Amino acid sequence: MDSPDRNWMRIALEEARAALDEDEVPVGAVVVCEGREVGRGRNAREGSRDPTAHAEVLALRAAAAELGRWRLAGCTLYVTLEPCPMCMGAMLAARIDRLVFGCADPKSGAAESLYRLGEDARLNHRLAVSGGILADEAAALLKTFFRSRRA
């Protein structure tokens, strides 16, 4: 039987596939609040020419618009790749309760790999982190993208 985390991560993977189809780095995100989807996002840096157009930031913006508030307490963000420092900062600023990610990012991961910003007691908010959900599927999309770039 599938867990809710795996089900929501599948939706984030749909967004990642859509990013891949748009020739963007295939990362997708979805924000869930009280069991319902309130925001989605996928990487859009190339198309928008916006360095902040990461999947997580776009999903947070959509969730804030849907809920009519910037404080996203009670929400969980699902993302296919471990977030970078900017995205972790955005989640902390938004007061997200929980982060669930797919594959680790050893080069810029700020949830577990390089930093553990979600549990840093020096910051004014902390969030729970669960990694490795459907990690193989998320990593396969990234490998496909970067392999095609090198060819």
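Note that this is a predicted model, so its numbers are computed, not measured. Atoms considered below: every heavy atom in the structure, side chains included; atoms not considered: hydrogens, waters and symmetry mates. Throughout, residue positions are numbered sequentially from 1 according to the sequence presented.
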Consider only side-chain heavy atoms of I, L, V, M, F, W and Y, link residues closer than 4.5 Å, and tell whether [X] and [Y] are in one cluster.
| X | Y | value |
| --- | --- | --- |
| F146 | L13 | yes |
| L20 | L81 | yes |
| L60 | V25 | yes |
| V79 | L58 | no |

Minimum heavy-atom distance [X]-[Y], with the two atoms named:
| X | Y | answer |
| --- | --- | --- |
| G41 | A59 | N-CB, 3.7 Å |
| C103 | A135 | CB-O, 3.7 Å |
| S113 | D105 | CB-O, 3.4 Å |
| A93 | W70 | O-CZ3, 3.0 Å |

Between atom [atom1] of [X] and atom [atom2] of [Y], what is the distance when rounded to the nearest 0.5 Å?
| X | Y | atom1 | atom2 | answer |
| --- | --- | --- | --- | --- |
| T76 | E34 | OG1 | CD | 11.0 Å |
| D23 | S148 | CG | OG | 7.0 Å |
| C33 | L77 | SG | CG | 12.0 Å |
| K107 | E82 | NZ | CD | 14.0 Å |
| C87 | L117 | SG | CG | 11.5 Å |

Counting only heavy atoms not in F145, do more than 12 fall under 6.0 Å of its CZ?
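For F145, atom CZ is crowded (more than 12 foreign heavy atoms under 6.0 Å).
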
Would you check if the side chain of [X] reaches a backbone N or O of [Y] as a donor-acceptor pair within less than 3.5 Å?
| X | Y | value |
| --- | --- | --- |
| R126 | L123 | yes |
| N43 | A55 | yes |
| S108 | C84 | no |

Do [Y] and [X] meet the salt-bridge criterion of a basic N to acidic O distance under 4.0 Å?
| X | Y | answer |
| --- | --- | --- |
| E15 | R10 | no |
| D120 | R122 | yes |
| R42 | E22 | yes |
| R49 | E46 | no |
| K143 | D136 | no |
| R98 | D5 | yes |

Check each of [options] against [X] using the side-chain contact (heavy atoms from CB on, under 4.5 Å) test, and report the only one that passes.
| X | options | result |
| --- | --- | --- |
| I96 | R71, M88, M91 | M91 |
| C75 | L67, D97, L127 | L67 |
| Y78 | V30, L99, L134, I133 | V30 |

Decide yes or no on side-chain contact (heavy atoms from CB on, under 4.5 Å) for M86 and V57, but give the supporting numbers first.
CA-CA 9 Å; M86 176 186 72; V57 171; 4.2 Å; yes

Mind checking whether [X] and [Y] have side chains closer than 4.5 Å, heavy atoms only?
| X | Y | answer |
| --- | --- | --- |
| E112 | E119 | no |
| P26 | L142 | yes |
| T80 | M9 | yes |
| E14 | R40 | yes |
| H54 | V27 | no |
| N124 | R95 | yes |

For T52 and D50, test the side chains for any donor-to-acceptor distance below 3.5 angstrom and give the result as yes or no.
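Yes, a side-chain donor-acceptor pair sits under 3.5 Å.
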
